[in-house]
Amino acid sequence: MKYISIKGLNKPVSVLMKGSDYFYHDSYERAAANLDAFLAIGGNSIDTAHIYCGGQSEEVIGRYMQERGNREQLVILTKGAHHDQNGPRVTRKDIKSDITDSLQRLQTDYIDLYALHRDDPNVPAGEVVEALNEYIESGTVKAIGVSNWTWERIREANQYAEANGLVGFSFSSPNLSLAKPNEPFWKGCVSADAETCAWHEAEQFPLLSWSSQARGFFTGRFTPEVRDNADLVRVFYSDANWERLERAKKLAEAKQVTTIQIALAYVLNQPFPTCALIGAQNAEELKSCDEGAQIKLTREELDWLDLTSEQLPLSLS
């Protein structure tokens with residue numbers, strides 16, 4: 001397993017991050033077995049959120065850590081301040097409420113990585129940084145970041161932090177995948193486009209990608225004629241993505257791996273620190289992700305997969 005460093009956190013972060021949005025109390029043993037298997041391959045980072053499974057995701061992780069006695073081995077990324085039926089909740093009051101809930105559910109006195117799940121552009125970035133710094137100062141949160149914020153808003157926040165002697169954001173968690181979305185999967189979600197990736201490369205700013213494998217687009221289950229998944233059709237069906245799929249297939253054949261492993265490797269071989277949130281729920285899927293995370297891709301191969309170069313990479317020449 002490979003690891004990255006995130007400023008503010010004194011633990012390495014595994015490049016594969018275990019997704020937990022299917023962790024429920026009535027299937028606790030399954031979730032615990034998934035986590036045991038993940039740790040066995042060297043994984044240590046778990047992604048959750050205040051809203052996942054109505055709070056049960058965090059509670060299951062809390063029970064797991066208590067039973068295994070392994071809190072210090074794990075890196076917990078949880079997210080809060082998600083909007084509700086009344087609209088945005090990126091306020092000091094809502095952040096406090098969600099962090100308090102998350103700590104209780106996780107049965108811990110600190111959170112390794114805390115991210116705001118959504119943005120509210122109407123709130124000045126400086127106000128958000130000030131609110132989150134209270135938890136940095138108390139030791140309740142080790143590192144702060146964002147999910148589904150634009151790179152411009154992150155830059156604004158970090159410029160404010162630097163000018164005012166505060167701790168800024170040290171990671172971002174948008175969607176990044178080989179398949180490029182036609183529109184956001186959910187309203188208010190952000191996907192990393194070329195400009196975003198260029199900023200991450202220039203800043204060497206860690207990116208933790210959700211839907212890193214484009215929700216199964218590269219599994220072989222989907223073709224232009226298979227249209228039974230309305231969300232996948234809406235978000236990922238495009239001529240450009242079918243071409244990316246074909247190129248991924250060719251590169252997979254040349255490297256004797258699977259197409260979806262190439263899609264995962266694409267995320268983990270970016271020229272800046274990246275992690276991939278994975279939804280592996282059984283041994284076969286976990287093994288595939290573990291093997292995919294070990295694949296090396298050159299910049300030439302990345303550009304070809306991404307359709308920014310028509311020149312065949314050396315691996316196919």
Side-chain angles (χ1 to χ4, degrees), residues 15-24 30-31 34 38 43 45-49 51-53 57 77 79 82 115 117-118 147-148 172-193 196-197 207-249 251-252 257-270 274-293 295 302 305-307:
V15 297
L16 295 180
M17 303 192 81
K18 185 72 185 72
S20 65
D21 59 354
Y22 63 97
F23 284 10
Y24 289 94
R30 175 190 173 203
N34 284 174
F38 179 62
S45 52
I46 305 172
D47 167 68
T48 186
I51 66 166
Y52 285 176
C53 307
S57 172
L77 161 63
K79 303 177 290 293
H82 195 285
H117 212 158
R118 289 286 192 277
S147 181
N148 299 301
S172 178
S173 183
N175 162 247
L176 171 65
S177 63
L178 178 54
K180 308 306 176 189
N182 304 316
E183 60 181 75
F185 207 91
W186 297 284
K187 184 179 180 181
C189 288
V190 171
S191 291
D193 57 14
T196 301
C197 289
L207 186 155
L208 319 180
S209 170
W210 55 264
S211 286
S212 58
Q213 293 168 301
R215 306 185 75 81
F217 183 81
F218 294 93
T219 59
R221 296 198 301 266
F222 301 100
T223 68
E225 294 73 36
V226 176
R227 306 180 69 84
D228 56 349
N229 187 318
D231 281 330
L232 214 69
V233 171
R234 174 178 60 86
V235 177
F236 291 122
Y237 276 36
S238 69
D239 290 343
N241 281 337
W242 295 125
E243 176 60 24
R244 291 185 179 99
L245 175 59
E246 287 306 310
R247 293 189 181 193
K249 287 179 182 177
L251 194 57
V257 297
T258 65
T259 305
I260 198 166
Q261 286 173 332
I262 290 293
L264 179 63
Y266 168 84
V267 172
L268 296 178
N269 279 272
Q270 293 297 312
T274 56
C275 294
L277 279 55
I278 59 169
Q281 298 185 29
N282 57 51
E284 181 181 359
E285 291 175 351
L286 189 60
K287 181 174 184 289
S288 172
C289 290
D290 187 26
E291 292 172 348
I295 297 170
L302 290 172
L305 285 169
D306 217 9
L307 309 187

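What you are looking at is a predicted structure, and each value in this text was computed from that prediction instead of being measured. Residues: numbered from 1 along the sequence shown.
R247 and D306 are not joined by a salt bridge, as no carboxylate oxygen comes within less than 4.0 angstrom of a charged side-chain nitrogen. Remark: D47 engages K79 in a salt bridge, criterion side-chain N to carboxylate O under 4.0 Å.
Going from atom OG1 of T259 over to atom CG of L264 covers 12.5 Å, rounded to the nearest 0.5 Å. Note: S211 OG to N175 CG = 5.5 Å, rounded to the nearest 0.5 Å. Rounding to the nearest 0.5 Å gives a distance of 9.5 Å between CG of D290 and CD of Q261. Expressed to the nearest 0.5 Å, how far CH2 of W242 lies from CZ of F217 amounts to 4.0 Å. The line from SG of C53 to OH of Y24 is 4.0 Å long, rounded to the nearest 0.5 Å. The structure places OG of S177 at 8.5 Å from CH2 of W210, a figure rounded to the nearest 0.5 Å.
For the pair R215 and F185, the distance from NZ or CZ to the six-membered ring centre is under 6.0 Å and the angle to the ring normal is within 45 degrees.
In this structure, the side chains of Q213 and C289 come closer than 4.5 Å at one or more pairs of heavy atoms. Residues L268 and L16 meet the side-chain proximity criterion, which asks for heavy atoms closer than 4.5 Å. Residues L176 and C197 meet the side-chain proximity criterion, which asks for heavy atoms closer than 4.5 Å. The shortest side-chain heavy-atom distance between N34 and Y22 falls under the 4.5 Å cut-off. Counting only heavy atoms from C-beta outward, the side chains of Y52 and H82 never approach each other to under 4.5 Å.
Listed for the N269 side chain is a donor-acceptor partner under 3.5 Å among the backbone atoms of A265. Side-chain atoms of N241 come within 3.5 Å of backbone N or O of F236 as a donor-acceptor pair.
Counted within 6.0 Å of CG on D231, heavy atoms from surrounding residues, nucleotides or ligands total more than 12; the atom is thus considered enclosed.
Nearest heavy atom pair, residue L307 against residue A240, reads CD1-O, 3.5 Å. Among all heavy-atom pairs drawn from A214 and F218, the shortest one is CB-CE1, 4.1 Å. Of all heavy-atom pairs spanning T274 and Q270, the tightest one is CG2-CB, 3.9 Å. Listed here is the closest heavy atom pair of V226 and R221: CG1-O, 4.0 Å. In this structure, R234 and E183 approach most closely via the heavy-atom pair NH1-OE2, 2.8 Å. Heavy-atom minimum distance, N148 versus C189: OD1-CA, 3.3 Å.
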* List the steps, then state whether side-chain hydrogen bond (donor to acceptor under 3.5 Å, both in side chains) holds for S57 with T48. => CA-CA 7 Å; S57 172; T48 186; 2.8 Å; yes
Donor-acceptor pairs under 3.5 angstrom involving side-chain atoms of residues 275-284: please list them, not counting sequence neighbours.
residue : atom : partner : partner atom : Å
Q281    : OE1  : R30     : NH2          : 2.2
N282    : OD1  : E284    : N            : 3.1
N282    : OD1  : E285    : N            : 2.8

